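In what follows, a structure is listed as C-alpha cells, so that the remarks can point back to it.
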There are 2 protein chains.
Amino acid sequence: MNNNPRKKEIISKAARLFKKRGYSAVTMRDIADSLNIKAASLYNHINSKQEILATIIIEIAEAFTSGMVEVQTPQLTTQEKLQKIIELHIDLTVKNPEAMACLNNDWMHLEEKLPYFVKMREDYEENFRAILKKGIAQGEIGSRDIEIMLFSMLSTLRTLYIWYTKKDGVSAVSLKNDLPVTLLKGIIK
Amino acid sequence: MNNNPRKKEIISKAARLFKKRGYSAVTMRDIADSLNIKAASLYNHINSKQEILATIIIEIAEAFTSGMVEVQTPQLTTQEKLQKIIELHIDLTVKNPEAMACLNNDWMHLEEKLPYFVKMREDYEENFRAILKKGIAQGEIGSRDIEIMLFSMLSTLRTLYIWYTKKDGVSAVSLKNDLPVTLLKGIIK
DNA sequence: GTCTATATAGTGATAGAC
DNA sequence: GTCTATCACTATATAGAC
C-alpha cells in the first residue's frame, strides 16, 4: 500500500508515542523530536496528524477483518474457530503492539475514516457472536450469557498488548500455549 | 472527603467527557459547556484540570485498595477470593463507570499523584498474583502461567465499564450471575 | 458564583529559503 | 528533505467587575 520508507518511519515513531500517551497528548513536535527533525519537516511526508492515526488504525483493523474471514471456515468446530481467533490476536499483537494500542484507545479520534472503522469493528464482533451462538446451539459451549462470553474474550484479547510489552511480561510462546486453555477452560480445576 | 456539591457536579460532568474522549482531548471549555457556564467560572470550585483528574482516579483506586484488603480474609478458599474480586470490580463499575474509564485510560496523565497511583496499582496486582499462586500450590487452580491467568482476569474486569455502559449492554444482574463462572470455569463445556 | 477580558504558552499547519 | 519564520487558533489559568 505504501512503501515510502521515511513515511513508514514517521508512522512507526508516532505509534510508539500514541501508545504511551494517547493521540491527543502527542504533538507534531513530539513526533518530530523522536526523529530528530523539526515539526515542519514532517509535512513533506505526511499530510496531517490525522492521516498518521488513520494509517495506523485502518491497516491493523483490516488485518483483523481479513483474519476473521479465514476463521469462518465451515469445516472447523467452534473450539477450533475460537482457537484461531485467539491466535489471530496474538499474532497481530506480537507483530505490532503499538498499532494495537492505537486501535484500542484512539479509534474515537478518527475523523474521515471513523464510520469505516466502526463498521469493521461491529462486523468483527457480530461474526464472533455468531460463532459463539452456533457453539451453544451445537452444545459445544456452555449456555451462559453470550455477551459476557464475547466481552470476556475480547477484553482479554484486545488488551494483550499491555502485558506483552511490559518488562517481565508474557512471551509469544507462553501466550500461544496457555492463553487458549485459560480463556476456553477457565482457571479453576 | 469533599462535600462541595458544585465541585462534585463539575467532577461528574468532567468524568463523563473524559470517558468518551480521554483527558487530553477534553478542554476546560468542554467541561464548562456541559454545565452551561464559562470556563473561567470553573476555577471558583477547582484549582486545575489536573485536580479534577486526580480526584476522579485516586478515589476509585483507593476503593479498589481497600476492597482488596477484605478479599484477603484468610478463611476463604481461592475460589471464594476470586469470586470476591470479581464482585468488587462489578460493584465499583456499576457505581461509577466513568471513573473506571479514567482509571484505565488516563492514569498516565496524572502528575503529582502518579507515584501514589502506580504504587496502589502494583500492590493490587501483587496481591492478586499471590492469591493465584497460593491457589496453584493448594491444587485449587490449574498450574498454568500465572501472568496469563492474572492478565486475562484483570483485562476483562478492568474493561467491564465498556460493555456495561453500551446500549444493549450487559446488566449488573447477569454480570453477577455469569461473569464468575465464565472467568473461572471457561467457555467450552 | 459567574462573567468579560486577558496573559502566556502551545497547537497543527504553511511559505519559502537552502 | 530539512530548515526558519510565522500564521491562525486554541489551551489552561488569572484578574477584577458585577
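None of the values given here were measured: they were computed from a predicted structure. Lettering of chains follows the sequences in order, A, B, ..., and the numbering in each one begins at 1. Below, all heavy atoms of this structure are taken into account, side chains as well, without hydrogens, waters or symmetry copies.
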Calculate the interatomic distance between A:E9 atom CD and D:dG1 atom P; express it in whole Å. 11 Å
For B:L154, side-chain contact (heavy atoms from CB on, under 4.5 Å) partners two or more places apart: A:W163, B:H89, B:Y124, B:E125, B:F128, B:L150, B:R158
Nucleotide D:dT12, atom P - distance to CG of B:L17 in whole Å: 12 Å
Holding to side-chain contact (heavy atoms from CB on, under 4.5 Å), I want the full list of residues that pass it with B:E9, two or more places apart in sequence or in another chain. B:R6, B:L35
Only distances under 3.5 Å count here; give the side-chain donor-acceptor pairs of residues 181-189 of chain A to other protein atoms, sequence neighbours excluded, each with its distance to 0.1 Å.
from   : atom 1 : to     : atom 2 : distance (Å)
A:T182 : OG1    : A:D178 : O      : 2.6

For B:H45 and D:dA13, give me the distance from atom NE2 to atom C1', rounded to whole Å. 15 Å
Rounded to the Å, how far apart are A:H109 NE2 and C:dT11 P? 16 Å
Enumerate the residue pairs fulfilling salt bridge (charged side-chain N to carboxylate O under 4.0 Å, His left out) with a member in residues 132-148 of chain B, sequence neighbours excluded, ordered by first and then second residue. B:R129-B:E147
Only counting residues at least two apart or in another chain, list the ones meeting side-chain contact (heavy atoms from CB on, under 4.5 Å) with A:A63. A:L92
Close residues, residues 28-43 of chain A, relative to DNA chain C [heavy-atom separation under 4.0 Å]: A:M28, A:R29, A:A40, A:Y43
Specify the separation, in whole Å, of atom CG of A:L53 and atom C1' of C:dT11. 17 Å
Are A:L76 and A:F64 connected, step by step, through hydrophobic side chains (Ile, Leu, Val, Met, Phe, Trp, Tyr) whose heavy atoms are closer than 4.5 Å? no
